[in-house]
Amino acid sequence: MFSLVQGIYEELTYVNERKIALLGVESSGKSSILEWLKVYLKKNAPAEAIVEKPSSLEKMNPTVGLNVAKLHTAGEKLLVWDLGGAKALRSIWERYVEDAEVVIWVVDSADESKLEDSRDELKKLVVREHLVHSPLLIFANKQDQKDAIDPVKISLDLDLLSDAEKRPQCVQPCSAESGEGIREGIQWLMANLQGNMKLEIRIP
Ligand SMILES: Nc1nc2c(ncn2[C@@H]2O[C@H](COP(=O)(O)OP(=O)(O)OP(=O)(O)O)[C@@H](O)[C@H]2O)c(=O)[nH]1
Ligand SMILES: [Mg+2]
């Protein structure tokens, strides 16, 4: 009974969260990364806890619409919107991007053919006035794949250097298959929501 009342209370008072849009073109790994974030940023989870691979990753389907997650870090609550990246679904991004304080961009490092589309979509987002100075975390995902593109090339292909002075940016190599790099990425983002650091490319 107490936990029910506590749950309702928390739901009603869940107002001061940071709103984050988790975006990227189709199949880049957004929803898979979100499954890891749900485990890492579970309420009261110790910051460096060793976690198991989420079983939900066995049955990932393309997102039609969105997934929403409420996450917790020390001192912050996060509301994350994970939106489908298929071309036909991208018009839905608009209203969430408008509300978001931060964008996390996910790139499929194993599919060079999608990099141009990824760069073009990212460029459209980051010029929005309310995001111009907002920290930008880019997950260079699928680094476990043979011949994955390295984060430096991804940074160049996305043309990140051209506005590196405007916002703190981090290209974080990761794998939603193993979980590697995901916690480091979100830790960078949380640190930079308060601070102001420059371009950082993490070489695995
Ligand atoms: N090897 C490998 N596969 C991955 C990784 N991340 C995701 N995948 C696989 O890539 C496919 C797409 O992953 P999703 O997480 O559904 O991608 P998404 O970006 O949410 O896709 P949409 O919802 O369609 O936009 C799935 O088959 C995942 O299992 C990764 O880091 N490594
Ligand atoms: Mg998805």
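As the structure lists them, so they are numbered: ligands from 1, and atoms in each ligand from 1.
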Participant: To which protein heavy atom is atom 14 (P) of ligand 1 closest, and what is the distance rounded to 0.1 Å?
Facilitator: Ser32 OG, 3.6 Å
Participant: Which protein non-hydrogen atom lies closest to atom 19 (O) of ligand 1, naming both residue and atom, and how far is it?
Facilitator: Lys30 NZ, 2.7 Å
Participant: Do the side-chain N and O atoms of Asp144 and Ser175 include a donor-acceptor pair separated by under 3.5 angstrom?
Facilitator: yes
Participant: Below the 3.5 angstrom mark, is there an N/O of Pro62, backbone or side chain, next to an N/O of ligand 1?
Facilitator: no
Participant: Is a salt bridge present between Glu121 and Lys124, judged by a nitrogen-to-oxygen distance below 4.0 Å?
Facilitator: yes
Participant: Closest non-hydrogen protein atom to atom 31 (O) of ligand 1, residue and atom name please, with distance?
Facilitator: Ala176 N, 2.7 Å
Participant: Does the pair Glu26/Arg90 count as a salt bridge with the N-to-O cut at 4.0 Å?
Facilitator: yes
Participant: What distance separates Thr73 OG1 from Tyr40 OH, expressed to the nearest 0.5 Å?
Facilitator: 15.5 Å
Participant: Note the single closest protein heavy atom to atom 5 (C) of ligand 1, along with its residue, its atom name and the distance in Å.
Facilitator: Lys142 CG, 3.6 Å
Participant: Working to the nearest 0.5 angstrom, can you tell me the gap between Asn61 CG and Ser31 OG?
Facilitator: 9.5 Å
Participant: Consider only side-chain N and O atoms of Trp105 and Ser118, and report whether a donor and an acceptor are under 3.5 Å apart.
Facilitator: yes
Participant: Identify, by atom number and element, the atoms of ligand 1 in contact range of Ser28, meaning under 4.0 Å from any of its heavy atoms.
Facilitator: 17 (O), 19 (O)
Participant: Give the residue and atom name of whichever protein heavy atom lies nearest to atom 6 (N) of ligand 1, and the separation in Å to one decimal.
Facilitator: Asn141 ND2, 3.1 Å
Participant: Among all protein heavy atoms, pick the one closest to atom 17 (O) of ligand 1 and tell me residue, atom and distance.
Facilitator: Gly29 N, 3.1 Å
Participant: Between Thr63 and ligand 1, which residue portion shows a heavy-atom distance shorter than 4.0 Å: side chain, backbone, both, or neither?
Facilitator: both
Participant: So for ligand 1, is Gln143 a polar contact partner (N or O within less than 3.5 Å, distance only)?
Facilitator: no
Participant: At less than 4.0 angstrom from any non-hydrogen atom of Gln145, what atoms of ligand 1 do you find?
Facilitator: 1 (N)
Participant: Rounded to the nearest 0.5 Å, what's the gap from CG on Leu160 to CD1 on Ile154? Could you check?
Facilitator: 10.0 Å
Participant: Which of the numbered atoms in ligand 1 are below 4.0 angstrom from a heavy atom of Glu26?
Facilitator: 25 (O)
Participant: Ignoring water, what protein N, O or S atoms are under 2.8 Å from the Mg ion (ligand 2)?
Facilitator: Ser31 OG, Thr63 OG1
Participant: Has ligand 1 got any nitrogen or oxygen that is less than 3.5 angstrom from a nitrogen or oxygen of Leu57?
Facilitator: no
Participant: Under 4.0 Å between a Lys/Arg side-chain N and an Asp/Glu carboxylate O for Asp117 and Lys87?
Facilitator: yes
Participant: Side-chain contact test, heavy atoms from C-beta onward, threshold under 4.5 Å: evaluate it for Leu136 versus Cys170 and give yes or no.
Facilitator: no
Participant: Taking 4.0 angstrom as the limit and counting only heavy atoms of Gly84, give me the atoms of ligand 1 inside it, by number and element.
Facilitator: 25 (O)
Participant: Under a 4.0 Å threshold between the charged nitrogen and the carboxylate oxygen, would Lys114 count as salt-bridged to Glu112?
Facilitator: no
Participant: So, are Arg18 and Glu101 salt-bridged, with charged N and O less than 4.0 Å apart?
Facilitator: yes
Participant: Roughly how far, to the nearest 0.5 Å, is CG of Asp82 from CG of Leu22?
Facilitator: 5.0 Å
Participant: Check each atom of ligand 1 against the heavy atoms of Ser175 and keep those under 4.0 Å away; list them by number with element.
Facilitator: 31 (O)
Participant: Does the N or O separation between Ser27 and ligand 1 drop below 3.5 Å for any pair?
Facilitator: yes
Participant: Applying side chain to side chain donor-acceptor pair (under 3.5 Å), name anything that partners Glu116, two or more places apart in sequence or on another chain.
Facilitator: none
Participant: With salt bridge (Lys or Arg N to Asp or Glu O under 4.0 Å) as the test, would you mind laying out the steps for Lys38 and Glu35 before giving the verdict?
Facilitator: CA-CA 5 Å; Lys38 283 184 198 165; Glu35 292 307 305; 2.9 Å; yes
Participant: For atom 32 (N) of ligand 1, find the nearest protein heavy atom and state the residue, atom name and distance (0.1 Å precision).
Facilitator: Asp144 OD1, 2.7 Å
Participant: Could you tell me whether Asp159 and Lys123 make a salt bridge, using a distance below 4.0 angstrom between a side-chain N and a carboxylate O?
Facilitator: yes
Participant: Might you check, step by step, whether the distance between atom 27 (O) of ligand 1 and some protein heavy atom is under 4.0 Å?
Facilitator: no
